[in-house]
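Everything below concerns the one structure shown next.
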Amino acid sequence: MASARSVVIGSMALNRSGLNRRYALNRRPLMGSSFTGTWQNLPRSLRCQRMQKGNKSSRLVVVDELAGQYEDAFEDVDQQLVHYFTYKAVRTVLHQLYEMNPPVYTWLYRFVGTNRASNGKVFLRALAKERQDLAERIMVTRLHLYGKWIKKCDHAKMYQKISDENLQLMRERLIETVIWPTDDTTTEKIG
């Protein structure tokens, strides 16, 4: 734990005098979230660095901005799609088993309850150790669902949906922040 004179900033604890610095694990990331990753994973140019100013104690300064730096690759999106199609395949197989084989449905339902299908690879590895036939069925179903989605996916329509949602959110935020004049104030100013 940081002492009373320390300031905890994300995953870094800094002593106010600047003499003692330690990195604390399992703290909230300094400049990170589920979208940007943790502070430690950021390139060195994006991390905060200590700057000395004459006799004043050192302070944290952001060296580089995050805005406008887009990744060229979208491996994280690809991985999320794989995880989602695994989840969707599990739901589909569960529905099929509910109608055709209730005992196996019950077993798989309990397995899904203890092993989350949110990480497809880990889930399928664990399932393959227990029931290889169900793991293969989910893998085939996942591939089939992805093939159906690719045929139906309209990229222009998806782009338009995202654009429309962004516009709607910005409108809602604008309406929340604008102070609308009331009828009482406008009649007083006119009269």
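All heavy atoms count here, side chains included; hydrogens, waters and symmetry mates do not. None of the values given here were measured: they were computed from a predicted structure.
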- Before giving the answer on side chain to side chain donor-acceptor pair (under 3.5 Å), spell out for Gln168 and Glu172 the whole-Å C-alpha distance, their side-chain angles and the decisive distance to 0.1 Å. CA-CA 6 Å; Gln168 179 186 3; Glu172 289 172 5; 3.2 Å; yes
- Task: Any chance you could lay out the ring-ring contact (aromatic ring centres under 6.0 Å, His included) test for Phe111 and Phe123, step after step, and finish with the verdict?
- Result: CA-CA 10 Å; Phe111 184 83; Phe123 175 80; 5.6 Å; yes
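Annotation: side chain of Trp149 is in contact with side chain of Phe85 (closest heavy-atom distance under 4.5 Å). Side-chain contact between Trp107 and Arg131 is present, with at least one heavy-atom pair separated by less than 4.5 Å. The side-chain heavy atoms of Lys88 and Thr141, taken from C-beta on, include no pair separated by under 4.5 Å.
With values rounded to the nearest 0.5 angstrom, Arg110 atom CZ is found 10.5 Å from Tyr105 atom OH. Atom CG of residue Leu143 and atom CD1 of residue Ile138 lie 14.0 Å apart, to the nearest 0.5 angstrom. Taken to the nearest 0.5 Å, the CG atom of Asp76 stands 10.0 Å off from the CG atom of Leu81. The structure places OH of Tyr87 at 10.0 Å from CZ of Arg116, a figure rounded to the nearest 0.5 Å.
Contact record, Val90 with Ala117: CG2-CB, 4.1 Å, taken as the closest heavy-atom pair. For Gly120 against His83, the heavy-atom pair with the smallest separation is N-ND1, 2.9 Å. Between Leu134 and Leu127, the shortest heavy-atom distance links the atoms C-CD2, 3.9 Å.
A donor and an acceptor atom, one from each side chain of Gln132 and Glu136, are located under 3.5 Å apart. Side-chain contact annotation: Gln160 with Asp164, donor-acceptor N/O pair under 3.5 Å present.
Checking side-chain atoms of Thr86 against main-chain N and O of Val82 turns up a donor-acceptor pair under 3.5 Å.
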